[in-house]
Amino acid sequence: MEISEQIKDIKGQFRLAMNGVASTQMRERGLVYKLNFGIELPRLQSIASEYKPDHELAQALWKENIRESKILAAMLMPTDDFCLDIAEIWIEQIPTIEIAELTVMNLFQRLPYASSAAFRWMADSREMFQTCGLLLLTRLCMRRCEFNESASYELVDQAITLMQDDNQKIASRAFTLLRKYILIGTAQQKAVLNALKNLQPTEGSVLAGWVEQLQFECTM
């Protein structure tokens, strides 16, 4: 089947599975898309299972300004020919945090260069790149991925720096990353505790609460 025919078929399935209530609820929560069918993730996974992973199809789906198309694109993109340059073009085109989270979950964490890309993006000054870097490192920590000494130091140092960022969304994701990182083991807990000693947050601030929680979780 030609790519154009596959896209037409997929859009037909979107229309059949449309959930207007979910679409409205997403919009009310600030997840605004040019076109949103409100289809839930299990149904999209079912649709994806009907197609073979294909670079050209995934690229065509990503270019569609449709919520479900972008989600499906990440599910159907093969990792062997999805280079860093293309990944960064995709990040530039991510419209919402929902798409960022699902693209990280369905595609970015499967990439052979996931770890190096995550550190690169976390250090980027652009919000969506930082977001994807933090989300990706959090996913890798949840999978108990091993980081060498240099990478471990960079993760903790960058995350603590971003915890102090004026952008509370970035700061909160950096805090979440550290919470997942310390679950890997005692060495990680010690590294975070040592790094936190250098912080002197304002009493009663959000940062002070985060520091206290991390210290508690490191010593449980």
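No hydrogens, no waters, no symmetry mates; every other heavy atom, side chains included, goes into these values.
- The hydrophobic cluster containing Met220, built from Ile/Leu/Val/Met/Phe/Trp/Tyr side-chain heavy atoms closer than 4.5 Å, also comprises Phe216.
- Between the Gln188 side chain and the Leu183 main chain, no donor and acceptor come within less than 3.5 Å of each other.
- In terms of modelled atom types and a separation under 3.5 Å, the side chain of Ser152 and the main chain of Asn148 share a donor-acceptor contact.
- Evaluated for a side chain to side chain donor-acceptor pair (under 3.5 Å) with Asn167, the options Arg173, Gln130, Glu127 yield exactly one hit, Glu127.
- Side-chain contact check for Cys141 versus Leu155: some heavy-atom pair is nearer than 4.5 Å.
- Between the side chain of Arg110 and the main chain of Asn106, a donor-acceptor pair closer than 3.5 Å is present.
- Arg67 places a side-chain N or O within donor-acceptor distance of the main-chain N or O of Ile39, the cut-off being under 3.5 Å.
- Taking the centre of each ring, Trp90 and Phe108 stay at or above the 6.0 Å mark.
- Contact detail for Ala48 and Leu76: the closest heavy-atom pair is O-CD2, 3.5 Å.
- A salt bridge between Lys70 and Glu64 is absent, with no side-chain N of the basic residue lying under 4.0 Å from a carboxylate O of the acidic one.
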>> Let's go through Asp54 and Lys52 carefully: what are the C-alpha distance in whole Å and the side-chain angles of both, what is the deciding distance for salt bridge (charged side-chain N to carboxylate O under 4.0 Å, His left out) to 0.1 Å, and is it a yes or a no?
In response: CA-CA 6 Å; Asp54 180 270; Lys52 289 181 60 177; over 6 Å; no
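- Remark: side-chain polar atoms of Arg143 are paired, donor with acceptor, to backbone N or O of Gln109 under 3.5 angstrom.
- The backbone N or O of Thr202 lies less than 3.5 Å from a partner atom in the side chain of Ser205, making a donor-acceptor pair.
- Ser69 is not listed as a side-chain neighbour of Ile10, based on a closest heavy-atom distance of 4.5 Å or more.
- Phe37 meets the ring-ring contact (aromatic ring centres under 6.0 Å, His included) test with Phe14; sequence neighbours excluded.
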